[in-house]
Amino acid sequence: MPLNSPWRTDFPGIQALDAEGQTYLDSAATAQKPQAMLDSLLGYYASGAANVHRAQHLPGERATRAFEASRGKVAQWLNAASSEEIIFTRGTTESLNLLAYGLEPLFAAGDEIVVSALEHHANLLPWQQLALRRGLKLVIMPLDSCGQIDLAQAATLISPRTRLLAVSQLSNVLGRWQPVRELIALAQAQGALSVVDGAQGVLHGRHDVQALGCDFYACSSHKLYGPDGVGLLYGRGTALAQLRHWQFGGEMVLEADYQHARFRPAPLGFEAGTPAISSVIALGASLDYLAGLDQAAVIGHEAALHARLLAGLSARDGIQLIGEPQVALASFTVAEVHSADLAHLLTEQGIAVRAGHHCAMPLLKSLGLPGAIRVSLGLYNDGADLTRFFVALDKALELLR
Ligand SMILES: *Cc1c(COP(=O)(O)O)cnc(C)c1O
């Protein structure tokens, strides 16, 4: 079976890489973009740039309308109750840093923040640093052997001392769905806030923040087939009201004199200065493109590719998968082969995969691994990409052994 992607030709970047002999298997790091997004990005500039939320003139009004339409599309994509619950940031990392700063006054010494052992640095370090500043305890939920947060242990760690739970929906190393709904329910029962790192989860068919029941949800445009430089932060209305303002200037101000100022509520109160106007507008085009696809077909295609990836890896001697991935990616090591050497040989053969600690150094350390290779898939990948990967892998392993 060829496993062709009917969407591959919508992505000029993939076509260009094809022409260069490059096989792109690193979509968990950043995704290629559909032509519709490129058209939108160029179209904004080509039709006359203008700042948003300021000017009365026609170009300004047009830019503001398109910018706010994107906010509406994001709200719809995430199934937020209102577009007022969507703040544009620079990325998942900035969204999570905003939260760790903005929620700081709610914490008192001795309070606990609960995270898991698999967190990306972006959903670990802001909380770790907040804990250090405030004398809080950072509690780490352990994983089971599949790479899933152990719910039974989590239930004993989430306690009346827990003030906040921060957890990834889908690990960028382990490719496994986490029991986020159950964890959020445990946190809520203790009156704790919940934050979900949706940077990977949002890509694979589960993006309903109301169904999750979280207070905050963070993700990035560039992994969602949109432009880089834009992050999304969803906050439930009542949760957003607890955030203190963090960056000051521009139109986030309601009223200012020399000694004092008052600020807008979310979302505009958390978007100081000129935002990434073109990128926010173009993200709207990416979401329109995604919304226009047959979602079941996309999920089915990704699942078939993923199954072929796992089958190919497990058919080869000495390959150790990390955990039991369920979707989109697989990380692995090879017995007696350094992953940096393997990555080098794959790179030389035009295979673009990721090697290293995947911004989850504590996780790799806890598994006793200096690094791992990660293959990750986008909706434009096809069976031929995997064939080229396996041919290159076999050649590399032959050389290294
Ligand atoms: C990529 C990623 C992040 C960070 O996203 P940025 O766009 O680099 O800010 C956070 N968490 C997970 C799970 C990721 O995959």
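Note that the structure is predicted; figures quoted are calculated from it, not measured. Numbering of ligands and ligand atoms starts at 1, following listing order.
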Item to check | Option set Ala122, Ala28, Ser220, criterion heavy-atom distance to atom 6 (P) of ligand 1, minimum | outcome: Ser220

Item to check | Subset of ligand 1 atoms that lie under 4.0 Å from at least one heavy atom of Gln200 | outcome: 13 (C), 14 (C), 15 (O)

Checklist entry - By number and element, which atoms of ligand 1 are closer than 4.0 Å to a non-hydrogen atom of Asn172? => result 13 (C), 15 (O)

Checklist entry - What do we get for Lys223 next to ligand 1 when only non-hydrogen atoms under 4.0 Å count, side chain, backbone, both or neither? => result side chain

Item to check | Part of Thr93 with heavy atoms under 4.0 Å of ligand 1, whether side chain, backbone, both or neither | outcome: both

Electrostatic pair [X]:[Y] at N-O distance under 4.0 angstrom:
{"X": "Arg316", "Y": "Asp394", "result": "yes"}
{"X": "Arg71", "Y": "Glu68", "result": "yes"}
{"X": "Arg8", "Y": "Asp385", "result": "yes"}

Using 30° and 60° as the class limits, which term best fits the ring planes of [X] and [Y]: parallel, tilted or perpendicular?
{"X": "Tyr380", "Y": "Tyr225", "answer": "perpendicular"}
{"X": "His245", "Y": "Phe263", "answer": "tilted"}
{"X": "His204", "Y": "Trp177", "answer": "perpendicular"}

Checklist entry - Can you find an N/O atom of Asp197 closer than 3.5 Å to an N/O atom of ligand 1? => result yes

Item to check | His222 N/O under 3.5 Å from ligand 1 N/O | outcome: yes

